[in-house]
Each structure stands twice: as C-alpha cells, then as structure tokens.
Amino acid sequence: MKINLPYAGIVLLIGPSNSGKSTLLRELVKKGDILTSEVISSDECRILVGDIDFIDYQRSERDEADILYDQYQHISAEAFSILDQIIQSRCRLNKLTFVDATHLYPDDRKKYIAIARANHVPIVSIIMDVDQNDLLTRDKNRENPRGIKRIKQQYQVFKREKRFIKKEGYLATYTISNSSAVEIVRSNNPV
Ligand code: DTP
C-alpha cells in the first residue's frame, strides 16, 4: 500500500498493543524512509520519565494491583505531557512526527487533531488492523507480554472505534495489516 505523507505535521499510529506500530516504524527507519528523530513513542517517554514502559498491574492481587495501577497512571501522565510538548515544538518547526501509541480512545486522538490545527499542519492516521487471535499469539511470544485481558479489552475498544476514525478530520487515513507491503511517499513541498 502506498502511503502519501505531508512535508510536516503529525502521523498518528492507531492500534492495540501488538498490532505492530513500533515494528512498522522501525522498518521504515531501517529502509531510510523516515528518521529515528521523527518517531516519538509513549513507551520511550515512559522510560525517560519513569524508568519503565509497562507495569502489569492486572496480574497482581487487588491491593497491590491498585498501587501499581496508580504508579502506571502517574508515569503515563508525565510521559504524555513530555510527548505532547515535543510534538507541539516539532509542529511549530514544521517537522513531521510519527506518534507511536495506541490512540484507541477518541479523546486521545482529538488532542492531536487539535495540536495539528493550532499549528496549521496536517494530521494523517495509520490504522493497524490486526485480528484478535494474531494479537494474542504475538503477545505470548513477546518479551513483556501485555496480558490476555488487556489485549482483549483493547481489541474491543478498537473494533468499536475503527469505523469512526475516518470522519475525525485527518488529511488521509490508511488501514494496514501487513507492514512489509507499505510504500512511503513523502511530500517535498514545505507549504
Ligand atoms: P505496543 O502498543 O504494546 O507497544 P505495538 O507497537 O503495536 O505494541 P510492536 O511493533 O511492539 O507492537 O510488536 C509487538 C510484538 O508483536 C513484537 O514481539 C513483534 C510482534 N509483531 C509486530 N508486528 C508483527 C508482524 N507483522 N508479524 C508478526 N509479529 C509481529
């Protein structure tokens, strides 16, 4: 699939855990289609501010799970605050930025549509549409599995949301399930 990208703005990856967002972006960097500095990921921002990218609170007993959940929420809030500031700066500098996070809930996506509008740059979405069974199989083989419950919850939200995404105001929306078939075409026109 050919994906046309603007010169500057935001490229929002959308998909549950294990849908291959980071893998796709890594492949594009490796092919030389995009720069490492053009990718900003919520996991990396969590590590930058809180030393971890994931806390598996769902596997703990109730009291401990509550504490771990709170910890994860605090780290995530700080991580997204940094992430959003970097995106805003990059938009002001007329740079292109790929945002690697799940963006499953409408408010998560609206925030970036608003940032793009406020900075007069376009926003494009890339939906990673992968079957639940594949998501679960990939989770089992992953170094830090996100857990069956979490993947199933995320998939339910994704299934409900995906039909609305196209109408949210993106310059273009691309749906992909196989990252190896992606061809990137970038605009050279800075206006
Ligand atoms: P998260 O939101 O949890 O960071 P993601 O970025 O959507 O997840 P990753 O690209 O990090 O997903 O991939 C998670 C795991 O799935 C990893 O072990 C690699 C595997 N994976 C990703 N894409 C594919 C694919 N196309 N085929 C097989 N396995 C894949």
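Excluded from the calculations below are hydrogen atoms, water molecules and symmetry mates; all remaining heavy atoms, backbone and side chain alike, are included. Atoms within each ligand, like the ligands themselves, are counted from 1 in listed order. Quick caveat, the model's predicted, so the values are computed rather than measured.
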Nearest heavy-atom pair of L135 and N18: which atoms, and what distance?
O-ND2, 3.2 Å

For ligand 1, which is the ligand I care about here, please tell me if S19 has any N or O atom under 3.5 Å from one of the ligand's N or O atoms.
yes

Any idea which atoms of ligand 1 are less than 4.0 Å away from a heavy-atom of D43?
4 (O)

Give me the atom names and distance for the closest heavy-atom approach of S42 to A79.
O-CB, 4.4 Å

Contact partition for M128 relative to ligand 1, non-hydrogen atoms under 4.0 Å
neither

Region of K21 engaging ligand 1 - heavy atom pairs below 4.0 Å
both

Of K159, R163, K162, which meets salt bridge (Lys or Arg N to Asp or Glu O under 4.0 Å) against D129?
K162

Atoms in ligand 1 with a heavy atom of P16 nearer than 4.0 Å:
7 (O)

For Q73, side-chain contact (heavy atoms from CB on, under 4.5 Å) partners two or more places apart:
Y69

Closest heavy-atom approach to atom 26 (N) of ligand 1 among Q154, R138, R150 is made by R138

For residues 87-115, pull every pair meeting ring-ring contact (aromatic ring centres under 6.0 Å, His included), keeping only residues two or more places apart or in separate chains.
H103-Y112

Around R142, counting heavy atoms of other residues, nucleotides and ligands shown, do more than 12 lie under 6.0 Å from its CZ?
yes

Which ligand 1 atoms does S22 reach within 4.0 Å, using its non-hydrogen atoms?
6 (O), 10 (O), 11 (O)

Gap separating the CD1 atom of I126 from the OH atom of Y170, nearest 0.5 angstrom:
12.0 Å

So which bit of L24 gets within less than 4.0 Å of ligand 1, heavy atoms only: side chain, backbone, both or neither?
neither

Looking at ligand 1, does any of its N/O atoms fall within less than 3.5 Å of an N/O of N141?
no

Considering all heavy atoms of both residues, which atom of G15 and which atom of L104 are nearest to each other, and what is their separation?
C-CD2, 3.9 Å

So, regarding R26 and ligand 1 (criterion: nitrogen or oxygen to nitrogen or oxygen, under 3.5 Å), is there a contact or not?
no

Applying a 4.0 Å heavy-atom criterion (strictly less than), which segment of S41 is in contact with ligand 1: side chain, backbone, both, or neither?
neither

Within ligand 1, which atoms have a heavy atom of R146 less than 4.0 Å away?
3 (O)

Which atoms from ligand 1 have a heavy atom of S17 less than 4.0 Å away?
1 (P), 2 (O), 3 (O), 8 (O)

Show the nearest heavy-atom pair for residues I123 and I113, with the distance to one decimal.
CD1-N, 3.9 Å

